[in-house]
Amino acid sequence: MNWKNVFKTVFLSLLSVMILSACTDDDDNNKLEIAGTWVAVNSSLTPYHNQLFVRTYTSNRTAVQASRQQVENGVKWIEDPQYTYRIEDGILYEEGVDWKGKSFYRKSSIKLGITQDGIIMYVTELKKTYDGESAGSLSSYTMYNSPVGLYDTALLGSWKGKETTPGVESDSVRWHYMTDGTFDYYYYDKDQQSYVLKKDNQGEYFLYGNFFVSNFTNNLQTGGTGQDCECWSIYIRDGQMSWRAIRQGNEEVTFEMEKEMDEMPSWTY
């Protein structure tokens, strides 16, 4: 799988569904329209996937922020829907209440551009506070517009596959993705010689174009307990799905799987 070409294809497809424009009023020509869903990275388009975060801006000036967050029993992907935003002279102002109940404010300069990889927004934070106090160091980062809905239907149903990272041997597992944003996980039990439902999985997923996030509990692969969360870039075509992620240490992790059925699997135990 040539992931560089995959990313390029996905990004370039954005050009047909989003128009970058300034307001037509000459006095307001620095007001930019950013309605859409954006996946943000800290430095480049090949970061650690678990450091990615997402922001969705609506045309009525509300916003949702989503990212991995530390919770009492681990780490979890959380969407914060209680934000508003406005843009004045190329400055983006965002404020609201986060999932912990803290008031939040951020002021950033933004610039939109089109590169060979698609539609990009460059962000430089100028001020950031929680409950009126400084929120620490300010950051500069890039966000790319994600084609929401790209794989929403294709993902649904049952898949069988395994990790294909070079040097890693793994058994096949199965996933079943449902329309309510949850998923079941089935591991192969060699004693029973069958696939068994992981009953403590508590799986839920989020899909932002080709950026995929899953929340679950008690990681069978790592042996970890508690809440866990993983972020991936995915590609689906003709009943085949590929996952790719860059983890700490620049390690590339990959999975390959094929679709088995759209309905609830018959191998549920």
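Worth knowing before you read on, the calculation uses all heavy atoms, side chains too, and leaves out hydrogens, waters and symmetry mates. Residues: numbered from 1 along the sequence shown.
Here the shortest heavy-atom pairing between Met257 and Trp159 reads CG-CE3, 3.8 Å. The minimum heavy-atom distance between Gln192 and Asp189, with the atom names listed, is N-OD1, 2.8 Å. The minimum heavy-atom distance between Ile236 and Ile234, with the atom names listed, is CD1-CD1, 4.3 Å. Contact record, Lys160 with Ser172: CE-CB, 3.9 Å, taken as the closest heavy-atom pair. Of all heavy-atom pairs between Lys76 and Cys229, the closest is CA-CB, 4.1 Å.
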What's the verdict on side chain to side chain donor-acceptor pair (under 3.5 Å) for Gln65 and Asp80, showing C-alpha distance, side-chain angles and the deciding distance? CA-CA 5 Å; Gln65 302 193 45; Asp80 270 342; over 6 Å; no
Going through the checks in order, is the side chain to side chain donor-acceptor pair (under 3.5 Å) test met by Tyr188 and Gln193? CA-CA 7 Å; Tyr188 187 74; Gln193 295 188 350; 5.3 Å; no
CA sep, side-chain torsions, deciding dist, call: Asn50, Cys231, side-chain contact (heavy atoms from CB on, under 4.5 Å): CA-CA 5 Å; Asn50 285 344; Cys231 303; 3.6 Å; yes
If you apply the rule ring pair (Phe, Tyr, Trp, His ring centres under 6.0 Å), what do you find for Trp38 with Tyr144, and how did you get there? CA-CA 5 Å; Trp38 301 80; Tyr144 67 87; 8.6 Å; no
When you look at Thr84 and Gln82, which way does the side-chain contact (heavy atoms from CB on, under 4.5 Å) test go after all the steps? CA-CA 7 Å; Thr84 60; Gln82 303 182 75; over 6 Å; no
Evaluate the criterion side-chain contact (heavy atoms from CB on, under 4.5 Å) for residue pair Lys111 and Met121; output intermediate values, then yes/no. CA-CA 6 Å; Lys111 180 180 179 181; Met121 176 159 57; over 6 Å; no
Step-by-step side-chain contact (heavy atoms from CB on, under 4.5 Å) determination, Phe212 to Phe206: CA-CA 6 Å; Phe212 174 76; Phe206 304 83; over 6 Å; no
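No side-chain donor-acceptor contact under 3.5 Å links Thr124 to the backbone of Ser140. Looking only at distances, no side-chain donor or acceptor of Glu230 sits under 3.5 Å from a matching main-chain atom of Trp232. The backbone N or O of Glu256 sits nowhere less than 3.5 Å from a side-chain atom of Ser242 that would complete a donor-acceptor pair. At distances below 3.5 Å, at least one donor-acceptor pair connects side-chain atoms of Lys259 with backbone N or O atoms of Ala154. Distance alone, capped at 3.5 Å, is enough to place a donor-acceptor pair between the Glu125 side chain and the Ser139 backbone. Listed for the Gln227 side chain is a donor-acceptor partner under 3.5 Å among the backbone atoms of Phe216. His176 contributes no side-chain N or O that, together with a main-chain N or O of Phe183, makes up a donor-acceptor pair within less than 3.5 Å.
Expressed to the nearest 0.5 Å, how far OG of Ser108 lies from CD1 of Ile87 amounts to 10.5 Å. For the atom pair CG (Asn145) and CD1 (Ile114), the distance works out to 11.0 Å, reported to the nearest 0.5 Å. Within the model, atoms CG of Leu207 and CG of Leu155 stand 6.0 Å from one another, a figure rounded to the nearest 0.5 Å. Note that the NZ atom of Lys162 and the CD atom of Glu169 stand 8.5 Å from one another [nearest 0.5 Å]. Taken to the nearest 0.5 Å, the CG atom of Asn219 stands 9.5 Å off from the CG atom of Asn201. For the atom pair CZ of Arg244 and CG of Asn210, the computed distance is 10.5 Å after rounding to the nearest 0.5 Å.
Taking the ring pair (Phe, Tyr, Trp, His ring centres under 6.0 Å) definition, one finds that Tyr105 meets it with nothing, sequence neighbours left out. For Val54, the side chain to side chain contact (heavy atoms under 4.5 Å, CB included) partners at least two apart in sequence or on another chain are Thr37, Val39, Thr56, Ala66, Trp77, Tyr208, Phe211. Under the rule for a side chain to side chain donor-acceptor pair (under 3.5 Å), Thr225 has no partner lying at least two apart in sequence or in another chain. Residues passing the side chain to side chain contact (heavy atoms under 4.5 Å, CB included) test with Asn60 are Thr58, Thr62, sequence neighbours excluded. Judged as a ring pair (Phe, Tyr, Trp, His ring centres under 6.0 Å), and not counting sequence neighbours, the contacts of Tyr83 are Phe104. With sequence neighbours left out, Ser103 forms a side chain to side chain contact (heavy atoms under 4.5 Å, CB included) with Asp131. Listed by chain and residue number, Ser67, Ile78, Trp99 satisfy the side chain to side chain contact (heavy atoms under 4.5 Å, CB included) test with Gln69 (two or more places apart in sequence, or in another chain). The side chain to side chain donor-acceptor pair (under 3.5 Å) check on Asp200 picks up Lys198, Asn218, with sequence neighbours excluded. Under the rule for a ring pair (Phe, Tyr, Trp, His ring centres under 6.0 Å), Tyr93 has no partner lying at least two apart in sequence or in another chain.
Residues Arg61 and Tyr85 bring a donor and an acceptor atom of their side chains to less than 3.5 Å of each other.
Listed by first and then second residue, the salt bridge (Lys or Arg N to Asp or Glu O under 4.0 Å) pairs involving residues 97-110 are Glu94-Arg106 (not counting sequence neighbours).
Grouping the Ile, Leu, Val, Met, Phe, Trp and Tyr side chains by contacts below 4.5 angstrom, directly or via other members, places Val253 with Tyr187. Note on Phe255: it clusters hydrophobically with Leu220, by side-chain heavy-atom contacts below 4.5 Å among ILVMFWY residues.
Grouping Ile, Leu, Val, Met, Phe, Trp and Tyr residues whose side-chain heavy atoms lie under 4.5 Å apart, directly or via other members, leaves Val64 alone, with no other cluster members. Connectivity analysis of hydrophobic side chains (ILVMFWY, heavy atoms under 4.5 Å, direct or indirect) links Val168 to nothing; its cluster partners are none.
By the 30° and 60° cut-offs, the orientation of the rings of Tyr177 relative to Tyr205 is perpendicular. Under the 30°/60° scheme for interplanar angles, the aromatic rings of Phe53 and Tyr141 are found to stand perpendicular.
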